[in-house]
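Structure, as structure tokens:
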There are 2 protein chains.
Amino acid sequence: MTKPTLFENITEVSEDVRNFFISKLEEIQAEKGYKLETAGEVSKYLYYIAEGSARSFYIRENRDITVSFSLEGEFVTAMHSFITRSPSYETIETLEKSLLYRISYNDLQECFKKFPDLERVYRMILEKYYIALEEQMIFSKFKSARERYLELMEKKPKIIQRASVGHIASFLDMTIETLSRVRAKI
Amino acid sequence: MTKPTLFENITEVSEDVRNFFISKLEEIQAEKGYKLETAGEVSKYLYYIAEGSARSFYIRENRDITVSFSLEGEFVTAMHSFITRSPSYETIETLEKSLLYRISYNDLQECFKKFPDLERVYRMILEKYYIALEEQMIFSKFKSARERYLELMEKKPKIIQRASVGHIASFLDMTIETLSRVRAKI
DNA sequence: CTGACATTTTGACTTTTGTCAAGGCTAGTT
DNA sequence: AACTAGCCTTGACAAAAGTCAAAATGTCAG
């Protein structure tokens, strides 16, 4: 997996633009549990997961609530904070040894200024982000605990292996006990 | 409320760009129940609500499920369909007599080509859309039926007046009966 | 004003999920 | 092997919300 792969499914931009953008990317070899973003701080980077996976979560009333899992080939950041430049309420960490590329907020803005074409790339990332969120929301709206688990198994089976029962349960919006019972009856 | 208001909170663009964009806007005087987008069709327009309000919903298993309410000053479209150019699964209709401005997908793309600056405007609309969705998702994740209703009352009191119990109940992800009981105890 | 129809509320009961507590399993350490 | 800590499962019970049905209320055309 090389840097340019990052662009593959995004859009066609000129060689110059691409090279400039790539020059701003920083490669991160992350161990399991590496923190990409930390709650309380303003999100600094937009990450691309070349290999590995990550989990976004926040703490509320002493509970650790997973809001999303991200896999290879996806972009991830604490989007709310990244957009608003206000402190993030979520923390993002790798679920395993991962290879990441990241670009800082400021460099990204510089890219936009220099090459408005890149606005389009970012727009498309945002669109993907949005669609993923919308789909998750709608899917979770009707389904029972059991159906939500089955859907996760089908859509992101890798998560079932990588994440703990606690992470999965909070992501699927049920208690650990309910998840445990659901799993027992498959 | 005039066309330029639409830009007020968005960003500064040059007079030329603004005028070109405005020239592409179409004004719609909509009666209550006017359909902005229809399930099964590809979303054609991005709407701006100058006055009034709208409801997005879809039908599943014979139930009418409200996914969002939009108020004055907000943009609205069947975003998933608008982005992917695939048939929409949602329908959007006005909840009351409304004044709308809309721009077609093609005109918007033309704007982007001619004035890359406008990509930024659209990006910001997307960002707002994203943040609203994320907030709604997180808020609905912890709260009881009662708390979800109280929060809606606080955040969008106008909706409580305009929408029917059925619309509100499906939006808050509870049955009509539960909502009725919640309201009885306030 | 009245009747017809749609919407909302209320009641009785069921189902789903959550809570609390106990017990089991596994991996790492001594 | 025994001990510990963390994680997961199971059971008994409680709480929240859903379902179905009936009654009350609202809306509106005639």
Side-chain angles (χ1 to χ4, degrees), chain A residues 31-33 53 55 57 59-67 69 91 93-97 136-153 157-186, chain B residues 31-33 53 55 57 59-67 69 91 93-97 136-153 157-186:
Chain A
E31 290 306 308
K32 176 175 175 171
S53 53
R55 175 177 85 98
F57 65 99
I59 307 292
R60 190 139 146 186
E61 290 156 26
N62 285 322
R63 290 188 307 157
D64 166 327
I65 312 283
T66 297
V67 285
F69 292 109
T91 297
E93 63 179 25
T94 53
L95 282 172
E96 60 190 306
K97 198 167 182 295
Q136 191 192 333
M137 180 134 184
I138 285 171
F139 125 82
S140 69
K141 205 148 187 166
F142 297 85
K143 310 232 172 170
S144 65
R146 178 153 207 277
E147 290 170 316
R148 296 200 297 280
Y149 180 71
L150 290 175
E151 180 134 348
L152 179 64
M153 264 185 76
K158 188 181 174 186
I159 295 304
I160 311 282
Q161 275 116 45
R162 286 280 143 60
S164 73
V165 172
H167 298 160
I168 297 172
S170 70
F171 176 67
L172 295 176
D173 205 8
M174 66 184 80
T175 59
I176 289 176
E177 292 92 332
T178 297
L179 177 55
S180 189
R181 282 183 253 267
V182 162
R183 296 177 96 150
K185 277 184 218 145
I186 286 184
Chain B
E31 290 305 308
K32 175 176 174 169
S53 54
R55 176 177 83 99
F57 66 98
I59 307 292
R60 190 136 147 188
E61 291 157 24
N62 284 321
R63 290 188 307 158
D64 166 326
I65 314 280
T66 298
V67 284
F69 293 109
T91 297
E93 63 180 24
T94 53
L95 282 172
E96 61 189 306
K97 197 166 181 297
Q136 192 190 334
M137 179 133 185
I138 286 170
F139 125 81
S140 69
K141 205 148 187 168
F142 297 84
K143 310 232 171 171
S144 66
R146 177 151 207 279
E147 291 169 316
R148 296 201 297 280
Y149 180 72
L150 291 175
E151 180 136 349
L152 180 64
M153 265 184 75
K158 188 180 173 185
I159 295 303
I160 311 281
Q161 275 115 45
R162 286 282 141 60
S164 73
V165 171
H167 298 159
I168 296 171
S170 70
F171 175 67
L172 295 177
D173 205 8
M174 64 185 80
T175 59
I176 288 176
E177 292 92 331
T178 297
L179 177 54
S180 188
R181 283 184 251 266
V182 162
R183 296 176 95 149
K185 277 185 219 141
I186 285 182

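Each chain gets a letter, A, B and so on, in the order the sequences are listed, and its residues count up from 1.
When the C1' atoms of four end pairs are superposed on the next four at each end of the helix from dC1(C)-dG30(D) to dT30(C)-dA1(D), using five pairs per end, the two resulting axes differ in direction by 30°, to 10°.
Arg148(B) contributes a side-chain N or O that, together with a main-chain N or O of Leu172(B), makes up a donor-acceptor pair within less than 3.5 Å.
The shortest heavy-atom contact between Val165(A) and Leu179(A) is O-CD2, 3.5 Å.
Applying the side-chain hydrogen bond (donor to acceptor under 3.5 Å, both in side chains) criterion to Thr91(B), with sequence neighbours excluded, gives no partner residue. Every residue two or more places apart in sequence or in another chain was checked for a side-chain hydrogen bond (donor to acceptor under 3.5 Å, both in side chains) with Thr94(B), and none qualifies. Checked against side-chain hydrogen bond (donor to acceptor under 3.5 Å, both in side chains), Glu151(B) has the following partners two or more places apart in sequence or in another chain: Lys143(B), Lys155(B).
Rounded to a whole Å, the CD1 atom of Ile176(A) is 19 Å from the P atom of dC25(C).
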Could you go through Phe57(A) and His167(A), starting from their C-alpha distance and side-chain angles, then the distance that decides it, and tell me whether this counts as side-chain contact (heavy atoms from CB on, under 4.5 Å)?
CA-CA 9 Å; Phe57(A) 65 99; His167(A) 298 160; over 6 Å; no
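A salt bridge does not link Glu96(A) with Arg55(A): every distance from a Lys NZ or Arg NE/NH1/NH2 to an Asp or Glu carboxylate oxygen is 4.0 Å or more.
Chain A approaches DNA chain D within less than 4.0 angstrom (heavy atoms of the protein), and the contacting nucleotides run 5' to 3' from dC8(D) to dA12(D).
Annotation for Lys32(A): atom NZ does not count as buried by contact number, only 12 or fewer foreign heavy atoms lying within 6.0 Å. Heavy atoms of other residues, nucleotides or ligands lying less than 6.0 angstrom from NZ of Lys97(A) number 12 at most.
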Protein-nucleic acid N or O pairs under 3.5 Å, nucleotides 17-22 of chain C:
residue	atom	partner	partner atom	Å
dT17(C)	OP1	Ala145(A)	N	2.9
dG18(C)	OP2	Thr175(A)	N	3.1
dG18(C)	OP2	Thr175(A)	OG1	3.3
dG18(C)	OP2	Thr178(A)	OG1	2.6
dT19(C)	O4	Arg181(A)	NH2	2.9
dC20(C)	N4	Glu177(A)	OE2	3.1

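Side-chain contact check for Glu177(B) and Ser180(B): no donor-acceptor pair (N or O, by modelled atom type) lies under 3.5 Å.
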